[in-house]
Amino acid sequence: KRLQDLNKFLRNITLGNFSYVEKALKLGELNGNRFTVVLRNLVGDEDVIEKRLSSLRDTGFINYYGLQRFGTLNVCTHNVGKALLNEDWEEALNLILIGEDNGEERT
């Protein structure tokens, strides 16, 4: 009930399709999450957009954010996100594969 009530305050997302169970999930029992992503008002070359959407539909994408994905404190995932947004692919890969020294940003 409390989770459902959050929908009154959320914008552009809806929480639902959940239930309470007595038994907690154990490692390996979760089959995954599914999300619906809605893209509106796309601007650009139609062929390029269609090609990229087809790739996303056919192969999905890797969620690189959060300790759950990396399993380490050596990677400050906000820095990975920053590198990806800046299209600095080499830095993003280095952050993922090598990590950071003492939590300091790499330059």
What's the separation between atom [atom1] in [X] and atom [atom2] in [Y], rounded to the nearest 0.5 Å?
X: Ile49; Y: Glu46; atom1: CD1; atom2: CD; value: 7.0 Å
X: Leu6; Y: Thr14; atom1: CG; atom2: OG1; value: 11.5 Å
X: Asn79; Y: Asp88; atom1: CG; atom2: CG; value: 11.5 Å

Margin query: Would you say Leu95 ends up clustered with Leu97 if hydrophobic residues are merged whenever their side chains have heavy atoms under 4.5 Å apart, either directly or through other cluster members?
Written below: yes
Check: Same cluster for Leu39 and Val48 if Ile/Leu/Val/Met/Phe/Trp/Tyr side chains link at under 4.5 Å?
Finding: no
Checklist line | Residue list, salt bridge (Lys or Arg N to Asp or Glu O under 4.0 Å) with Lys23, at least two apart or on another chain | finding: Glu29
Margin query: Just to verify, what does Asn12 make a side-chain hydrogen bond (donor to acceptor under 3.5 Å, both in side chains) with, not counting sequence neighbours?
Written below: none
Would you give me the side-chain donor-acceptor pairs under 3.5 Å for residues 52-61, sequence neighbours excluded?
| unit_1 | atom_1 | unit_2 | atom_2 | d |
| --- | --- | --- | --- | --- |
| Ser54 | OG | Glu50 | O | 2.9 |
| Ser54 | OG | Glu50 | OE2 | 3.3 |
| Thr59 | OG1 | Ser55 | O | 2.7 |

Check: So, does Asn7 use its side chain to make a donor-acceptor pair with the main chain of Leu15 at under 3.5 Å?
Finding: yes
Next item on the list: Indicate yes or no for a side-chain donor-acceptor contact from Asp45 to the backbone of Asp47 under 3.5 Å, with no hydrogens or angles considered.
Entry: yes
Note to self: Quick check: closest heavy atoms across Ala92 and Ala83, and the distance to 0.1 Å?
What the structure shows: N-CB, 3.7 Å
